[in-house]
There are 2 protein chains.
Amino acid sequence: MAQKPGSLPIGGCCDTLALPLEEQDVETWAALCHALADKTRVQLLAVLCRYAGEVCVCHLVAAFPLSQPTISHHLGVLKSAGLVRCKKRGPWAYYYPNWEAINRLRQFIERIQAQEVRP
Amino acid sequence: MAQKPGSLPIGGCCDTLALPLEEQDVETWAALCHALADKTRVQLLAVLCRYAGEVCVCHLVAAFPLSQPTISHHLGVLKSAGLVRCKKRGPWAYYYPNWEAINRLRQFIERIQAQEVRP
DNA sequence: CTATTATATAGATAGTTGTCGATACATCAA
DNA sequence: TTGATGTATCGACAACTATCTATATAATAG
């Protein structure tokens with residue numbers, strides 16, 4: 001078969017394609033994206049950021065056309081990913097964004113974007 | 001039951017919690033995150049960005065411990081989400097990042113982050 | 001044309017996830 | 001204590017997904 005025309009000098013010297021990201025980073029970023037891979041959770045995080053400080057779960061349940069257990073589930077997913085935290089006061093639970101995790105997500109995008117070669 | 005202590009003046013005037021994001025934006029961002037909600041796809045996008053221009057699929061298949069159809073599947077998911085594009089030259093397929101979509105993802109994070117109140 | 005190679009698609013399967021109703025747990029009022 | 005309310009958990013089910021093998025499609029070499 002023909003010599004590949006666009007055959008890249010991959011890595012500059014060899015034919016082996018190096019994976020740029022370390023396993024742990026891949027794990028972290030995939031987990032963060034996974035937590036935001038659902039429309040309800042994207043909107044939930046946006047609400048928490050918009051009304052940060054804290055938002056009571058009962059308000060969230062009222063704002064979404066979903067059952068209370070489902071909202072609780074989505075909040076749990078966001079919390080497991082570290083994107084939000086919560087504290088309980090009396091019988092109420094208040095969720096709020098974890099800006100550090102959100103920042104990690106932005107750094108991921110920026111690291112990817114840093115590879116772009118602009119004209 | 002007791003008056004809620006942390007009861008927020010949500011929205012400033014009423015008890016209804018407004019959803020900050022429009023349906024279409026939520027859809028877009030969830031779809032982008034969904035495409036990156038998998039370790040293999042995160043690494044794939046990183047590789048494509050690192051070696052942009054273009055990367056031949058056969059190199060990708062060689063670099064990952066997964067079957068060729070599985071790599072093809074993941075590239076298809078990234079392509080459906082608009083994060084990458086591809087062109088065929090002869091029998092080879094070359095994938096490359098779509099920086100515009102990656103930028104949309106960064107704008108999402110930034111819009112979320114813009115709500116943060118710094119001390 | 002035939003054989004070979006690169007890639008995509010199809011089909012199957014095990015595992016995951018979003019959703020709900022039912023229920024348990026915790027907190028507070030009375 | 002009893003009842004009411006806010007929240008989390010459980011169990012179930014349908015839908016989706018990551019992966020594989022097998023196969024189809026496309027392009028090129030001989």
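Side-chain atoms are counted along with the backbone in the values below, which use heavy atoms only and exclude waters and symmetry mates. Chain letters run A, B, ... following the sequence lines, proteins first and then strands; every chain starts at 1.
The interatomic distance linking A/Asp38 (CG) with C/dG18 (C1') rounds to 7 Å, in whole Å. Regarding A/Phe64, its CZ atom lies at a distance of 14 Å from the C1' atom of C/dG18, rounded to whole Å. Atom pair A/Leu36:CG and C/dT17:C1' shows a separation of 16 Å (rounding to whole Å applied).
With B/His74 as the fixed residue, the side chain to side chain donor-acceptor pair (under 3.5 Å) test singles out one of B/Gln43, B/Lys79, B/Arg41: B/Arg41. Results of the side chain to side chain contact (heavy atoms under 4.5 Å, CB included) test with A/Tyr95 over A/Leu75, A/Val55, A/Leu78, A/Val47 single out A/Leu75 as the only residue that passes.
Under the 4.5 Å side-chain heavy-atom criterion for grouping Ile, Leu, Val, Met, Phe, Trp and Tyr, A/Ile112 is not connected to B/Tyr96 through any hydrophobic cluster. A single hydrophobic cluster is seen to contain both B/Tyr51 and B/Trp99, as judged by linkage of ILVMFWY side chains at heavy-atom distances under 4.5 Å, directly or through other members. Residues B/Val26 and A/Leu32 share a hydrophobic cluster, clusters being chains of Ile/Leu/Val/Met/Phe/Trp/Tyr side chains in contact below 4.5 Å.
Axis angle, first five pairs versus last five pairs of the helix from C/dC1-D/dG30 to C/dA30-D/dT1: 20°, rounded to 10°.
Of the candidate nucleotides D/dT21, C/dA6, C/dT19, D/dT21 has the atom nearest to the side chain of B/Pro69. Of the candidate nucleotides C/dA8, D/dA27, D/dA18, C/dA8 has the atom lying nearest to any side-chain atom of B/Ala93.
The two residues A/Ile102 and A/Cys49 have their closest heavy-atom pair at CD1-SG, 3.9 Å.
At the heavy-atom level, B/His73 lies under 4.0 Å from base atoms of the strands shown.
A/Gln68 contributes a side-chain N or O that forms a donor-acceptor pair with the base of D/dA8 under 3.5 Å.
Residue B/Tyr94 has no polar side-chain atom (N or O) positioned under 4.0 Å from OP1 or OP2 of C/dA6. OP1 or OP2 of D/dA8 has at least one side-chain nitrogen or oxygen of A/Ser72 nearer than 4.0 Å.
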